[in-house]
Amino acid sequence: MLSNKPLKTTSCVMPTVRNRMPLLLLFALCTLIPTLPGGIRAEEPEIERTGFEKRVAPYSAVIFTPPPDEPQCRELLKSIKAMGATHSFASVHWWQMETMEGNYEADMGYRPGTFGAPMRKAFENYIRISQELGMKCAIRVGTFRSTNGLFHPMDKTGDVEPYANWLREFARKYQGKIEHYVVGDELNKSFPKWNWRGTAEECMRLFVPIARAIHGGDPQAKVSPASTSSSPATDWIMQLIELGLPQHADGIACHFNHHRIEDLAEIKDLMRQVRAVWPEAKFYGNGFGYADNTGLHDQRQAGIVAQSAFTLWDIGWDSFPYYTYRFSRTADTRQNFGLMQPAIGGKPAQYSDAWKAYATIAHTFYNRSELTTPTFNIQLRQSEMLAKIDGVRFTIAPPNPILRTFIRNNNELLVYLAYRKFREPLEGIWDLELTTDQWESAEMISLLDHRVRKPVPSIRVDGKLILKRIPVGLQPAILSIRKTQP
């Protein structure tokens with residue numbers, strides 16, 4: 001049973017936020033290097049060309065427990081990097097790293113002999129290889145759902161202090177190598193058999209000693225409380241803040257189903273309320289999306305994953321870790337929402353269209369602070385016409401799609417167009433009118449391979465650049481337009 005000892009330091013007055021390091025960046029995804037349409041291989045980015053390790057972006061992937069096999073771990077992380085993720089997100093459990101002379105692997109569904117020293121070695125490989133590849137690491141700690149409400153099967157007290165002491169030494173060992181810790185998982189849910197009611201007060205009793213321990217071992221590490229169930233769970237998160245969360249944390253964390261991302265009202269309201277009382281708060285997560293996978297070429301999943309990744313980047317969320325494994329299914333809902341099948345048993349890895357779509361978003365939209373907004377007018381024009389009778393035009397009139405525009409380095413104009421309608425997808429054909437003579441050479445970036453680009457038909461009328469017949473739907477249309485050469 002979890003300890004119900006009272007929390008010693010809480011406050012209903014907003015404290016001064018600790019001034020810690022800048023921004024998380026984020027987490028990561030998958031395995032081997034895939035072959036994309038046309039036989040092009042998805043090689044890892046060239047660091048000299050992209051400055052990959054310096055990118056600021058929320059793109060990440062959940063890998064759960066790092067593979068014990070070093071070559072497999074390396075291929076997994078290389079694949080995550082090829083997908084454009086700057087981080088990977090792993091889970092670390094006290095009971096996996098230290099057995100305390102217990103023999104409980106088989107009881108928990110694991111092969112005997114995998115815990116203890118082998119698990120510690122696997123994690124050391126994961127950290128070292130990530131650094132070699134220029135990637136950052138984030139981890140989830142503080143979960144008790146696999147151990148019946150205990151932090152360790154050999155510690156029946158359920159007291160958080162012994163676990164916090166172990167985490168302090170863990171954080172000290174990996175000081176400067178783990179950027180962010182998410183503490184707990186869906187702690188706003190009730191687990192009656194473990195005497196856990198899911199209240200904000202209970203979460204703070206768990207979180208505060210763990211956060212103090214992590215910062216005691218690594219003062220620069222960022223820490224957030226558990227990703228909430230049924231996010232955004234705004235009222236519960238605001239209760240944590242009223243109880244003094246900013247004294248001990250760097251931000252909050254959420255899980256988002258893709259339907260929450262389809263309608264951003266609640267998410268934006270959460271961000272507005274948090275920033276009103278905690279301006280420096282970061283917005284993290286340890287799992288997003290959950291779009292079902294029905295096969296390697298699931299166009300619907302590809303569109304939803306791409307739009308979810310772009311949308312959270314666009315609104316300023318600080319981490320977007322998506323799940324990796326294509327053939328895994330959730331224990332509770334039995335859904336399959338992964339992006340790939342890792343290389344196992346000599347079989348090559350398999351990559352879904354959603355994996356490729358994620359890569360296109362991640363390799364196109366990053367370093368938001370370096371992007372500027374166009375100062376000239378950009379306008380959508382309906383392109384479809386059914387007929388013209390006696391001078392009257394009869395047209396299809398789809399609703400306006402989402403239109404977002406960004407200028408990078410004053411020489412590339414990026415345009416994003418999509419219908420963020422996941423339940424009932426829409427389609428439309430549009431012209432794009434740019435009131436400027438400073439841009440030309442528009443190309444459509446392939447959603448399934450960010451290196452493949454096709455010219456977009458265009459005309460010039462009265463100094464305006466008009467891009468013709470751009471197809472827009474669930475899968476976003478992404479355009480790259482170059483500056484006119486003098």
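Bear in mind that the values here come from a model prediction, so they are computed numbers and not experimental data.
Between the T86 side chain and the K136 main chain, no donor and acceptor come within less than 3.5 Å of each other. Put simply, the side chain of T484 gets close to the backbone of W439: a donor and an acceptor are under 3.5 Å apart. When atom types are taken as modelled, the side chain of D69 and the backbone of Q72 share a donor-acceptor pair closer than 3.5 angstrom. Proximity of a side-chain donor or acceptor of R368 to a complementary backbone N or O of D314 within less than 3.5 Å is detected. A donor-acceptor pair under 3.5 Å links the side-chain atoms of W236 to the main chain of G198, judged by distance alone. Judged by distance alone, the side chain of Y419 and the main-chain N or O of P399 form a donor-acceptor pair under 3.5 Å. Judged by distance alone, the side chain of Q307 and the main-chain N or O of E262 form no donor-acceptor pair under 3.5 Å. A distance-only check finds a donor-acceptor pair linking the side chain of T436 to the backbone of Q438 [under 3.5 Å]. With hydrogens and angles ignored, the 3.5 Å screen pairs a side-chain donor or acceptor of H215 with a backbone N or O of A221.
Donor-acceptor pairing under 3.5 Å is recorded for the side chains of S480 and E412. Donor-acceptor pairing under 3.5 Å is lacking for the side chains of Y416 and T364. R260 and N257 form no side-chain donor-acceptor contact under 3.5 Å, judged by distance and modelled atom types alone. With no hydrogens or angles considered, no side-chain donor-acceptor pair links Q239 and D235 at under 3.5 Å.
Using a 4.5 Å heavy-atom threshold, the side chains of D250 and S224 count as separate. Between D185 and H255 the shortest side-chain heavy-atom distance falls below 4.5 Å. Residues I178 and I127 form a side-chain contact, since some pair of their non-hydrogen atoms from C-beta on lies under 4.5 Å apart.
The two residues G176 and D218 come nearest to each other via the heavy atoms N-OD2, 3.0 Å. The two atoms that bring A90 and I63 nearest to each other are CB-CG1, 4.1 Å, heavy atoms only. Shortest non-hydrogen contact noted between G217 and Q175 is O-OE1, 3.6 Å. Contact detail for L245 and G251: the closest heavy-atom pair is CD2-O, 4.3 Å. Residues L479 and I470 approach most closely at CD1-CD1, 3.7 Å, considering heavy atoms. The two atoms that bring A359 and H450 nearest to each other are O-CD2, 4.2 Å, heavy atoms only.
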- Report the C-alpha distance between E132 and R74 in whole Å, list the side-chain angles of each, state the deciding distance to 0.1 Å, and finish with yes or no for salt bridge (Lys or Arg N to Asp or Glu O under 4.0 Å). CA-CA 10 Å; E132 291 173 2; R74 182 176 296 277; 2.9 Å; yes

- Do S352 and D298 pass the side-chain contact (heavy atoms from CB on, under 4.5 Å) test, and can you show the C-alpha distance, the side-chain angles, and the key distance before you say yes or no? CA-CA 7 Å; S352 70; D298 188 327; over 6 Å; no

- Task: Check the pair Q301 / T294 against side-chain contact (heavy atoms from CB on, under 4.5 Å), numbers first and verdict last.
- Result: CA-CA 8 Å; Q301 188 197 28; T294 61; over 6 Å; no

- Going through the distances and angles, do L380 and L417 end up as a side-chain contact (heavy atoms from CB on, under 4.5 Å)? CA-CA 10 Å; L380 285 167; L417 289 161; 3.8 Å; yes

- Check the pair Q299 / D353 against side chain to side chain donor-acceptor pair (under 3.5 Å), numbers first and verdict last. CA-CA 7 Å; Q299 298 295 296; D353 285 354; 2.7 Å; yes

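Here W313 and F310 bring their ring centres to under 6.0 angstrom of each other. Taking the six-membered ring for Trp and the full ring otherwise, the centers of Y126 and Y174 sit at least 6.0 Å from each other. With ring centers used as reference points, F207 lies 6.0 Å or more from H248. You'll find the ring centres of F170 and F123 inside the 6.0 Å limit.
Electrostatic pairing of D449 and R451 counts as a salt bridge here, judged by a charged N lying under 4.0 Å from a carboxylate O. Taking a cutoff of 4.0 Å between a charged side-chain nitrogen and a carboxylate oxygen, R420 and D263 do not qualify as a salt bridge.
With T405 as the fixed residue, the side-chain contact (heavy atoms from CB on, under 4.5 Å) test singles out one of T372, V415, L371: V415. Exactly one of F283, Y358, F256, F89 qualifies for a ring pair (Phe, Tyr, Trp, His ring centres under 6.0 Å) with F320. That residue is Y358.
Annotation for K421: atom NZ does not count as buried by contact number, only 12 or fewer foreign heavy atoms lying within 6.0 Å.
For the pair R408 and Y366, the cation sits on the ring face: its NZ or CZ lies under 6.0 Å from the ring centre, inside 45° of the axis.
Classified by interplanar angle (parallel below 30°, tilted 30° to 60°, perpendicular above 60°), the ring pair F406/F365 is perpendicular.
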